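Only one structure is covered here, and it is reproduced in the block below.
Please read all numbers here as calculations on a predicted model, not as lab measurements. Letters go in sequence order (proteins before strands), and every chain restarts at 1. All heavy atoms count here, side chains included; hydrogens, waters and symmetry mates do not.
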Amino acid sequence: MKIKKALLHLSIYIPDIVLFAVLIKHGVFDFSRSDHRFLGIVFFLVKILIHNLVYLLCFVRPFTVIKDVLMQFQRGRYSMADNFHVMKSSVCFGEILELLRSTGRYLDNLIGSQNDEIEKFRELYNNVILASNSYFVVLNSRDEIIFSNKSFSANFRYIDDEILGLKLEDVFYIIPGRLSDAIENVKKRGESAVLRKIKLISKRKISLIADIKISRVTIQGEKQYIVVLDDITSQWRKDYQISLISQISESIQRDDEVERILHAILTAVTSGSGLGFNRAMLFLYNDQKKALTGKMAVGPDSMEEAVQIWGAVQNEELNLMGSDNESVPSASAGNAFYKQVITSSFPINSDSLLVNVFNGRSPVHIYDASADPRVDPETREFTDVSEFVVVPLCSANKSLGVIVADNKFNGAPIYEDHVELLSIFASQASLSIDSYNSLSLVKERMEHIQAKQEAIIESEKMAAVGRIAAHIAHEIRNPLVTVGGYARRILQTVKKAPKGTEDIGKAASIILHESERLEKILSNVMDFSRPSPLIREYNNLNDVVKDTYYLLKNVFQERKITPVLELEQKLPLVKSDFNQLKQVVLNLLQNAMDATPTGGKITLKTGLTETHIFIRIRDTGSGISDEVMDKIFDPFFTSKITGVGLGLAVVKKIVNDHNGEIVITNNPEGGCQFSIELLRPS
Amino acid sequence: MSKILLVEDEKNQRELYAAELIDEGYEIDEASDGKMAVEKVKSNKYDLVVLDIRMPEMDGIEALGKILSRDKKIPIVIHTAYSNYKSNFMTWTADAYVTKSSNLDELKSKIAEILSTRNKV
């Protein structure tokens with residue numbers, strides 16, 4: 001190659017050699033002459049010198065230029081200035097340069113078009129990220145934020161790159177356990193995690209409920225974690241409100257629920273998840289005091305407490321209405337704010353803002369309490385916050401009270417849509433309370449009617465039994481008295497007759513005895529079907545008990561049962577029918593004796609409670625089984641072999657006629673107690 | 001001797017009461033239903049009527065009304081197996097109400113009581 005290059009070099013001398021040859025031939029240039037020879041050599045040398053200068057210009061510089069170009073290429077710059085035109089004339093390097101230039105331009109175009117594509121994608125992605133509700137942060141392995149999208153920074157009130165280098169716990173008050181665990185898991189295992197309904201409150205006092213996705217990426221060998229927060233606060237709020245309203249309407253089906261509805265209302269208003277107010281107070285109209293009185297309050301005393309409550313709520317799956325999270329309202333039930341509210345009262349005739357809203361029945365939004373003339377000094381002092389809303393609780397026909405809500409702790413502005421939502425909510429809540437009240441009223445009346453109906457059925461039943469009993473008794477009594485009457489006559493005849501007829505007399509006496517027993521049973525039946533008497537006399541129940549006891553004194557001795565009388569000496573007289581009450585005690589005492597074994601004890605006790613005056617008959621017998629207890633007062637029910645089953649039915653009838661009650665209890669030590677309780681005379 | 005009209009539809013009973021009352025020293029006339037009783041009261045003079053309530057043809061209540069509308073002064077003792085007759089049959093008033101029993105002491109004593117006060121008057 002070098003030889004070739006040298007020959008190429010030498011070729012430029014060919015014209016000079018030819019020139020010299022022509023000059024020598026024509027004798028112009030005489031080689032033998034030394035001066036000619038000298039001039040010739042000088043000429044030649046000059047020629048070489050010039051030529052080499054040209055060579056230096058045309059040959060050495062292109063190498064440098066090409067080297068430069070390639071270096072530029074290596075740096076990724078493919079376009080070049082057009083200052084290489086000097087080279088164009090150069091035989092060998094011009095072409096190479098031209099080739100490089102076009103290659104450069106091609107690469108340049110190629111990269112340029114790719115950059116456009118990339119830029120387009122980037123723009124697209126950015127738009128997608130911005131348009132969505134999602135907030136992005138990228139964390140490095142030291143948990144520091146190395147990237148956040150604009151939504152994230154803007155939403156949590158960070159400017160520019162201020163957030164970079166912070167950790168999540170620098171941004172948020174409480175990192176819920178579920179979230180920190182999930183991040184740890186993603187770090188360890190690399191699997192993505194999705195968390196639902198995570199409640200967060202930022203140190204710059206922004207709260208939200210988010211679905212959070214965490215995934216791991218590896219960028220240039222370093223592991224990074226992308227945390228995406230989807231803000232579902234408003235969606236959740238709507239769901240929450242709907243579920244709350246439905247739960248409220250469900251809960252009004254139950255009896256003891258007004259307190260719960262009220263709790264639910266205030267919980268919905270506060271807690272950052274319902275309507276997002278910091279505090280809520282409920283005042284209801286109290287008809288006795290003629291004032292709006294503080295009924296309930298939900299809200300913390302301070303921001304610290306707010307954060308604590310927030311944290312406590314975390315673990316409860318954000319279901320504030322569930323049965324196991326009574327802790328939400330009660331968490332604040334003992335605090336100073338709560339006490340302040342429930343001890344407050346605004347007289348209905350005062351010019352208080354609360355009273356005016358109550359009467360005016362439309363919400364009032366106060367922006368600056370210190371300057372607003374509608375705010376009276378008392379309310380101003382009471383609320384101690386510049387911006388708040390007062391919303392009436394009213395149904396179609398009456399006002400129930402007001403709800404006061406504010407953002408005392410984070411000072412967040414109250415937006416009109418929140419006020420509107422609160423009003424809608426309040427009116428729905430009012431409807432619930434109202435329908436609850438109507439429902440209670442209806443229920444009460446229904447129960448009253450039902451009780452009456454049952455009483456009617458009962459008395460109809462009794463009347464029917466009475467009619468049947470009377471009829472049967474009549475039908476039986478007729479032949480019975482004939483049998484008994486003749487037996488008595490036989491007996492009398494036999495008494496006068498000569499000896500030897502004793503057997504006939506004995507038989508007649510048995511017939512008479514048995515028919516008398518049957519007659520007695522019939523009398524019981526008749527007693528039962530006897531209509532209610534007029535009770536006119538005032539009697540001492542002690543006399544009733546003593547009289548009956550003396551009737552059965554011998555039977556006590558016969559059966560070896562110990563009677564115990566515990567009579568309250570200072571008994572008021574009771575309007576009653578003496579003989580009927582005697583019948584009651586007699587029947588109960590006979591039952592007690594039948595149930596009590598030999599050697600047992602029967603206690604007869606009289607006494608007073610605040611409302612009643614009672615006679616109690618307590619035995620040491622076998623007690624009453626549940627099965628028997630159900631039927632014990634049914635006519636013709638009996639557990640005795642020879643009984644008719646009317647004794648207790650008669651007792652019940654008489655006690656009912658006296659507007660009294662019978663309470664039966666099995667004694668823990670065995671046996672049972674019948675307590676006749678009559679209304680204590682006023 | 002006081003004359004008593006015994007009104008009773010059941011023969012066995014009637015005979016029993018008649019025998020017992022005769023033993024007490026009364027003169028007894030018998031009727032087996034209300035209609036017959038009313039007829040007998042029209043044509044005879046009695047010091048007292050013992051009247052059953054449930055009877056065929058004409059019951060004791062109707063008979064009571066008819067007898068009393070004819071002669072307000074004649075003493076009548078209602079003698080019945082109903083024990084709550086008093087509240088049920090208040091239209092006409094009898095002088096006494098006795099529930100039927102194998103023991104006739106009550107019936108006898110009521111009759112004696114009524115007749116003795118009558119005789120005094």
Original post:
Taking it one step at a time, do B/Thr99 and A/Arg477 satisfy side-chain contact (heavy atoms from CB on, under 4.5 Å)?
Top reply: CA-CA 10 Å; B/Thr99 305; A/Arg477 190 183 286 272; 3.7 Å; yes
Original post:
How long is the gap from CG on B/Leu16 to CZ on A/Arg489, to the nearest 0.5 Å?
Top reply: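 Here the interatomic distance stands at 7.0 Å.
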Original post:
Which distance, rounded to the nearest 0.5 Å, do you find between the CG of A/Asn478 and the CG of B/Asn12?
Top reply: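 Result: 11.0 Å between the selected atoms.
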Original post:
Taking everything shown except B/Lys11 itself, do over 12 heavy atoms lie less than 6.0 Å from its NZ?
Top reply: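 Atom NZ in B/Lys11 is not packed in, count stays at 12 or less.
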Subject >> Region of B/Gln13 that comes under 4.5 Å of a non-hydrogen atom in chain A >> reply: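 Backbone plus side chain of B/Gln13, per the 4.5 Å heavy-atom cut-off to chain A.
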Original post:
Charged N to carboxylate O under 4.0 angstrom, B/Lys100 versus A/Glu519?
Top reply: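 The answer is no: the pair does not qualify as a salt bridge.
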Original post:
Quick one: what part of A/Leu512 sits under 4.5 Å from any heavy atom of chain B, side chain, backbone, both or neither?
Top reply: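 Only the side chain of A/Leu512 comes within 4.5 Å of chain B.
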Original post:
When only heavy atoms count and the cut-off is under 4.5 Å, which of residues 22-39 of chain B reach chain A?
Top reply: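 Against chain A, the residues of residues 22-39 of chain B that fall inside the cut-off (heavy atoms, under 4.5 Å) are B/Asp23.
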Original post:
Does B/Ser102 offer a backbone N or O that forms a donor-acceptor pair with the side chain of A/Tyr486 under 3.5 Å?
Top reply: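 Flag not set: sc A/Tyr486 to bb B/Ser102 has no pair under 3.5 Å.
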**OP:** Under the side-chain contact (heavy atoms from CB on, under 4.5 Å) rule, what do A/Thr482 and B/Tyr17 come out as? Steps first, then yes or no, please.
**Re:** CA-CA 9 Å; A/Thr482 316; B/Tyr17 302 147; 5.6 Å; no
Original post:
So which heavy atom on A/Val481 is nearest to which on B/Ser101, and how close?
Top reply: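 Minimum heavy-atom contact is CG1-CA, 3.3 Å.
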